[in-house]
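Note: hydrogens, waters and symmetry copies are ignored here, and every other heavy atom, side chains too, is used. Note that this is a predicted model, so its numbers are computed, not measured. Heads up: numbering here begins at 1 and tracks the sequence.
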Amino acid sequence: MLETIGTPTLWAVTIGAVIALLVLDFIATRKPHEVSMREAVAWSAFYVALPLAFGGYIWSQYGSERGVEYYTGYLVEKTLSVDNLFVFMLLLAAFAVPAALQQRVLLYGIVGALVLRGIFIALGAAALSAFDWVFLVFGLILLATGVKLLRDAIRGQEHDVDISEMRVVKLARKLMPVTEEYDGTRMTVIQNGKRALTPLALVVAAVFATDLVFAIDSVPAVYGITGDPYLVFATNAFALLGLRALYFVLAGALAKLVHLSYGLAAILGFIGVKLALHWGHMTWSWVPEIPTLLSLGVIVGILAITVTTSLVAAKRTEAQRERVDA
């Protein structure tokens, strides 16, 4: 049985808070509008301060070990969520989503991600409680994902998106006709006497499909940091809730994080090894484990190197472009 700090009351309060924040986001986006940088920064600051403050509560109430697990899990999930933003950015561009509708699409994507990850977290907790070897399976999933990310990054294909080849888009087009133009926040309209999908419905379906792929990587990754299902859910929820605003803050900076996939590959590979060693330790006591505090240090170090090398590479590329233009 997995140990958890999640009492029924704590679960109820947390889920209630998440739902309330989602409702607040839907109210904030009820009138489609282009998001200003000031608005995006304000919401981003709120959604960073909230999980940091909650981590302080976890630390004070349940001890430093749980606090470190929470902050490490949150950092991992926030990093993975930035990769989500890359794909969301490409999908919004590929579907030519109007600026005024982009935050609504992102919000649908966040809701879909929360639901899918909630399901995966519950299934993961049940599997880990019943079978120790699931830790090894999760580790192998992360190692395989890390290898794929590294291979795609080397080939320059880490964020390729071809919407015409997405199965969910093909299926939607087969089931119903699709209009050429967006119609506000409507998913369907009546066209020539028949119900038809709008492009907004297609992009939301595509976002949901990518949510599923990311959930398969994300949930095992945070289970590699903490075995507490409550902390797994809390870190996922807090990392996702601020994505809508963070997208508009980082839209320009995302393109400069040219080495992000390399960093994510290293982080997922490291957590995969950590999970495999944990399984090995449960099977043979002489197998060493990687402490959570050390994991936090390694992940912070990888992110620092990734951001630094990305900015240096982006600056060098920009300088070369300016010399060519001159």
(message) Is it the case that over 12 heavy atoms from other parts of the model lie below 6.0 angstrom from the CZ atom of Arg38?
(response)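 Atom CZ in Arg38 is not packed in, count stays at 12 or less.
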
(message) Quick check on Gln61: does its CD atom have over 12 non-hydrogen neighbours (other residues, nucleotides or ligands) under 6.0 Å away?
(response)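 Check passes, neighbour count above 12.
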
Got a donor-acceptor contact below 3.5 angstrom from the [X] side chain to the [Y] backbone?
| X | Y | value |
| --- | --- | --- |
| Thr72 | Glu69 | no |
| Ser81 | Lys78 | yes |
| Thr308 | Ile305 | no |
| His281 | Glu289 | no |

Mind listing the closest non-hydrogen atom pair of [X] and [Y] along with its distance?
| X | Y | answer |
| --- | --- | --- |
| Ala215 | Pro220 | O-CD, 4.0 Å |
| Thr198 | Glu181 | CB-O, 4.5 Å |
| Pro291 | Lys274 | O-CE, 4.4 Å |
| Gly184 | Leu101 | O-CD1, 3.3 Å |
| Ala127 | Val134 | O-CG2, 3.6 Å |
| Pro199 | Glu180 | CG-O, 3.9 Å |

Joint cluster assignment, [X] & [Y], ILVMFWY side-chain distance < 4.5 Å:
| X | Y | answer |
| --- | --- | --- |
| Phe138 | Phe131 | yes |
| Leu202 | Val189 | no |
| Leu149 | Val147 | no |
| Leu293 | Leu75 | yes |
| Ile190 | Leu200 | no |

Should [X] and [Y] count as side-chain neighbours, where that means a heavy-atom distance under 4.5 Å?
| X | Y | answer |
| --- | --- | --- |
| Val97 | Tyr182 | yes |
| Thr179 | Leu197 | no |
| Val169 | Phe95 | yes |
| Val287 | Leu277 | yes |
| Val207 | Leu91 | yes |
| Tyr247 | Gln102 | yes |
| Val204 | Met187 | yes |
| Leu50 | Leu21 | yes |

(request) Dump the intermediate steps for side chain to side chain contact (heavy atoms under 4.5 Å, CB included) on Ile299 and Ile225, then the final yes or no. (result) CA-CA 11 Å; Ile299 292 167; Ile225 302 300; 4.2 Å; yes

(message) Suppose the criterion is ring-ring contact (aromatic ring centres under 6.0 Å, His included): which pairs have a residue in residues 203-223, not counting sequence neighbours?
(response)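 Found none.
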
(request) Verify side chain to side chain contact (heavy atoms under 4.5 Å, CB included) between Arg66 and Leu231, making sure each step is shown before the conclusion. (result) CA-CA 9 Å; Arg66 291 300 196 195; Leu231 291 181; 4.1 Å; yes

(request) Check the pair Tyr230, Thr7 against side chain to side chain donor-acceptor pair (under 3.5 Å), reporting the backbone distance first and the verdict last. (result) CA-CA 9 Å; Tyr230 172 78; Thr7 62; over 6 Å; no

(message) Let's go through Val203 and Tyr108 carefully: what are the C-alpha distance in whole Å and the side-chain angles of both, what is the deciding distance for side chain to side chain contact (heavy atoms under 4.5 Å, CB included) to 0.1 Å, and is it a yes or a no?
(response) CA-CA 10 Å; Val203 67; Tyr108 284 134; over 6 Å; no

Residue pair [X] / [Y], side-chain donor-acceptor N/O under 3.5 Å:
| X | Y | answer |
| --- | --- | --- |
| Ser310 | Tyr262 | no |
| Thr185 | Arg104 | no |
| His259 | Thr306 | no |

(request) Apply side chain to side chain donor-acceptor pair (under 3.5 Å) to Thr4 and Asp228, showing your working. (result) CA-CA 5 Å; Thr4 180; Asp228 187 332; 2.5 Å; yes

(message) Nearest 0.5 Å, please: how far is CG in Leu240 from CD1 in Ile110?
(response)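 Ile110 CD1 to Leu240 CG: 7.0 Å, rounded to 0.5 Å.
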
(request) Report the C-alpha distance between Ile302 and Leu264 in whole Å, list the side-chain angles of each, state the deciding distance to 0.1 Å, and finish with yes or no for side chain to side chain contact (heavy atoms under 4.5 Å, CB included). (result) CA-CA 9 Å; Ile302 292 173; Leu264 284 175; over 6 Å; no

(request) Begin with the C-alpha distance, continue with both residues' side-chain angles, and end with the deciding distance and a verdict on side chain to side chain donor-acceptor pair (under 3.5 Å) for Ser218 and Asn236. (result) CA-CA 8 Å; Ser218 175; Asn236 267 273; 3.2 Å; yes

(request) Run through Tyr74, Phe54, Tyr47, Phe46 and flag the one making a ring-ring contact (aromatic ring centres under 6.0 Å, His included) with Phe238. (result)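 Filter result, single survivor: Phe54.
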
(message) Check for me whether the distance between the ring centres of Trp11 and Phe233 falls short of 6.0 Å.
(response)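 Judged by ring-centre distance (under 6.0 Å), Trp11 and Phe233 do meet the cut-off.
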
(request) Using the side-chain contact (heavy atoms from CB on, under 4.5 Å) rule, pick out the option among Ile58, Val76, Leu52 that qualifies with Tyr71. (result)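 Passing option: Leu52.
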
